[in-house]
2 protein chains.
Amino acid sequence: MNKQNVTIYDVARESGVSMATVSRVVNGTSNVRPSTKKKVMDVIEKLNYRPNEVARGLASKKTTTVGVIIPDVTNNYFASLARGIDDIAAMYKYNIILANSDGKEKKELKVINTLLSKQVDGIIFMGNEITPAIRKSFKDANVPIVLAGSVDSKKTVPSVNINYKNAIENVTSELINHHNKKIAFVSGDLRHSINADHRLKGYCDALSKHDIQYNQNYVFETNESYKDGYEISQNIVDQKISAAVVTDDSLAAGILNWMTDHNISVPDDFEIITSNDTQITEMTRPKMSSITQPLYDIGAVAMRLLTKIMNGDIEDKYKENDVLLQYGVINRESTRK
Amino acid sequence: MNKQNVTIYDVARESGVSMATVSRVVNGTSNVRPSTKKKVMDVIEKLNYRPNEVARGLASKKTTTVGVIIPDVTNNYFASLARGIDDIAAMYKYNIILANSDGKEKKELKVINTLLSKQVDGIIFMGNEITPAIRKSFKDANVPIVLAGSVDSKKTVPSVNINYKNAIENVTSELINHHNKKIAFVSGDLRHSINADHRLKGYCDALSKHDIQYNQNYVFETNESYKDGYEISQNIVDQKISAAVVTDDSLAAGILNWMTDHNISVPDDFEIITSNDTQITEMTRPKMSSITQPLYDIGAVAMRLLTKIMNGDIEDKYKENDVLLQYGVINRESTRK
DNA sequence: ATGAAAGCGCTAACAG
DNA sequence: CTGTTAGCGCTTTCAT
């Protein structure tokens with residue numbers, strides 16, 4: 001019942017060596033004679049000594065913890081990335097401080113600051129948009145930062161993503177090939193680069209390649225919620241639109257269920273293809289066709305990249321560092337063959 | 001471009017006071033003459049000084065960070081609790097170190113240790129089971145611990161939950177009232193106290209109150225996955241079971257969809273009621289009836305309780321501290337009226 | 001109201 | 001291979 005925490009000094013005294021030696025055996029750095037090493041280890045065991053990482057952090061200027069900024073853990077897309085991040089972090093002996101931001105700039109800025117004051121060794125940022133203020137605080141931070149599943153329109157920060165533009169272009173083309181003339185593009189906030197510069201661009205490119213006129217009425221801006229999907233569906237149908245490319249699975253589920261609830265058969269009368277291939281694509285009836293993204297891997301690779309940068313293993317960290325992972329498309333039941 | 005971080009010493013010098021005074025204005029503790037306070041604040045602003053929380057943690061023995069152990073962030077049930085935890089933590093100026101355990105004792109033990117070595121001020125634990133080893137490490141930890149959405153059969157740790165037994169008993173009774181004679185109980189690992197001692201108990205109590213014979217063949221032990229639900233359904237149907245009480249929403253969705261896929265009408269031919277009221281209960285067709293739990297609140301209340309204990313605001317922290325939040329039942333479309 | 005000084009527990013030269 | 005000695009940046013008595 002050692003209430004008082006035992007320190008390195010206690011171990012040193014008890015085993016008749018200096019604290020430097022204890023530090024050495026604990027860190028496995030530099031050589032220590034096997035016999036004294038064993039002696040120290042025994043005392044550590046006996047006293048149940050556990051190094052104080054805070055003291056270590058102060059002395060070494062490394063905390064072995066990284067900050068992870070996430071819009072909302074409750075969102076399966078981001079949660080999947082987070083899982084990949086944490087697993088790789090654990091693999092490299094890092095811990096993560098997880099902070100929800102709701103994708104709000106103000107919260108993001110605040111949390112970046114507290115993370116920095118906690119001396120994290122690096123930050124993984126997930127967010128809808130890298131605003132100028134965010135970009136500035138990234139620049140001022142003296143720790144490396146990597147984006148996961150998030151794009152920086154200015155490409156000023158290393159990131160890992162898929163090629164959203166190509167992916168959306170692919171599925172839009174497929175829908176066009178199914179003879180759909182009017183195809184909706186249903187996304188989140190169009191002020192966000194990921195939606196405007198990448199996904200909408202892909203949609204537009206597909207249209208123009210097939211000589212289809214772009215119609216602004218067919219693009220729907222939402223909050224990417226199930227409810228939003230359900231609510232905009234009437235409007236979609238009223239315009240005689242026959243297919244939709246959707247950027248979020250919950251959102252897509254809302255549209256799908258509205259159709260079903262209104263006796264519009266999917267995929268016979270209406271086709272839907274969504275973007276994130278989260279678990280819910282399998283749970284709806286019909287199951288949803290989707291772009292497939294290696295969600296876990298995006299997080300994992302981002303964390304791996306961060307460890308490399310923190311380690312100085314990367315020649316030029318300002319160099320091009322936008323890794324694009326492979327995406328795919330899975331045709332389930334919300335699209336025709 | 002202040003590459004070198006500015007320290008408390010720098011602002012002390014720059015503003016012509018001692019570091020003790022700077023510390024005082026930063027912490028707002030004890031009195032400082034308004035004029036000198038302003039002077040210091042200005043310098044802090046000018047130098048863009050940000051207190052080093054690690055140094056502060058070492059000196060004060062408080063890190064204002066708490067550890068959160070979670071089986072899997074990717075699981076919406078736990079993610080919802082985590083969101084409640086983080087929000088309240090932020091409200092009280094704490095950060096959370098989030099660690100996934102997969103509910104595996106070995107990982108849990110390991111992570112408890114690293115959390116403790118990082119000097120967290122407290123821990124919120126979510127897990128399926130408090131094993132003797134876990135209980136021991138909790139006892140040895142010299143920081144408070146609170147369970148969220150998790151039960152300790154020995155009631156040795158403060159916790160916040162709902163009354164799982166009563167909830168399951170309620171819904172089972174309802175199914176019995178719908179004239180179902182054979183009702184399945186589909187749960188996760190029955191070695192876990194929450195399933196065996198609480199939920200199964202509730203199921204049994206409902207049966208016995210209605211003079212229905214308990215039949216072991218009607219209880220299904222699973223991994224609580226969608227896939228498991230889908231796979232056990234044939235067995236359920238083969239036994240002429242006409243309703244199921246399920247402990248997890250994905251699991252329930254699996255059963256529901258299997259029924260639908262096999263032309264068994266829910267709820268006409270088969271009734272299902274699930275337990276967690278996560279988002280997917282609204283996404284399936286028919287929508288699933290469910291026990292409703294205040295998921296976010298369970299996390300939030302757990303965190304609030306932890307802050308109180310950390311603060312010493314609770315008289316006797318060894319006293320009965322099992323808070324039970326209100327649950328409800330919502331009848332959607334997978335049960336008859 | 002403010003300053004001086006002693007740590008907090010550990011790492012990291014620097015000696016030897 | 002091992003010990004000595006400075007700090008790391010801040011909080012916290014104890015004086016004044």
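A note on names: the letters A, B, ... follow the listed sequences, proteins ahead of strands, and every chain is numbered from 1.
Nearest to the side chain of Ala59(B), among dC10(C), dG9(D), dG3(C), sits dG9(D). Closest to the side chain of Thr7(A), from the set dC10(C), dT11(D), dT11(C), is dC10(C).
With DNA chain C read from its 5' end, the first of the two nearest nucleotides for Asn31(B) and Ala55(A) is the one closest to Asn31(B).
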| task | Show the numbers, then the answer: is there a side-chain hydrogen bond (donor to acceptor under 3.5 Å, both in side chains) between Asp87(A) and Tyr296(A)? | result | CA-CA 9 Å; Asp87(A) 281 0; Tyr296(A) 179 93; 2.6 Å; yes
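Salt bridge Asp10(A)/Arg13(A): present, at least one basic N to carboxylate O contact under 4.0 Å. The pair Arg83(B)-Asp102(A) meets the salt-bridge criterion, with a side-chain N (NZ, NE, NH1 or NH2) lying under 4.0 Å from an Asp/Glu carboxylate O. Ion pairing between a basic and an acidic side chain is recognised when a charged N comes within 4.0 Å of a carboxylate O; Asp189(A) and Arg191(A) show such pairing.
Residue Tyr49(B) places at least one side-chain N or O under 4.0 Å from the OP1 or OP2 atom of dC10(D). Considering only side-chain N and O atoms, Ser23(B) lies nowhere under 4.0 angstrom from the phosphate OP1 or OP2 of dC10(D). Checking the phosphate oxygens (OP1, OP2) of dG9(C), no side-chain nitrogen or oxygen of Arg56(A) falls inside 4.0 Å. Listed pair Thr36(A) / dC1(D) fails the phosphate criterion, with no side-chain N or O lying under 4.0 Å from OP1 or OP2. Residue Asn27(A) places at least one side-chain N or O under 4.0 Å from the OP1 or OP2 atom of dT11(C). At the phosphate of dG3(D), OP1 or OP2 sits under 4.0 Å from a side-chain N or O atom of Thr21(A). Considering only side-chain N and O atoms, Lys62(A) lies nowhere under 4.0 angstrom from the phosphate OP1 or OP2 of dC8(D). Put simply, Ser18(A) has a side-chain N or O that comes within less than 4.0 Å of OP1 or OP2 on dG3(D).
At a threshold of 4.0 angstrom between heavy atoms, the contacts of Val17(A) are confined to the sugar-phosphate backbone, with no base atom among them.
In this structure, Leu47(B) places its CG atom 14 Å from P of dG9(D), rounding to the nearest Å. Protein atom CG of Asn52(A) is 17 Å distant from nucleotide atom P of dC10(D), rounded to whole Å. For Arg13(A) and dG3(D), the CZ to C1' distance is 17 Å, given to the nearest whole Å. For the pair Ile8(A) CD1 and dC8(C) C1', the interatomic distance rounds to 13 Å; values are reported in whole Å. For the pair Met19(A) CE and dA12(C) P, the interatomic distance rounds to 12 Å; values are reported in whole Å. One can place NZ of Lys61(A) at 12 Å from P of dA13(C), the figure rounded to the nearest angstrom. Nucleotide dC10(C) holds its C1' atom 10 Å from the CD atom of Glu53(A), rounded to whole Å.
For dG3(C), its base sits under 3.5 Å from the side chain of Arg24(B) at one donor and acceptor pair at least.
The distance from the CD1 atom of Ile85(A) to the CD1 atom of Ile96(A) is 6.5 Å, given to the nearest 0.5 Å.
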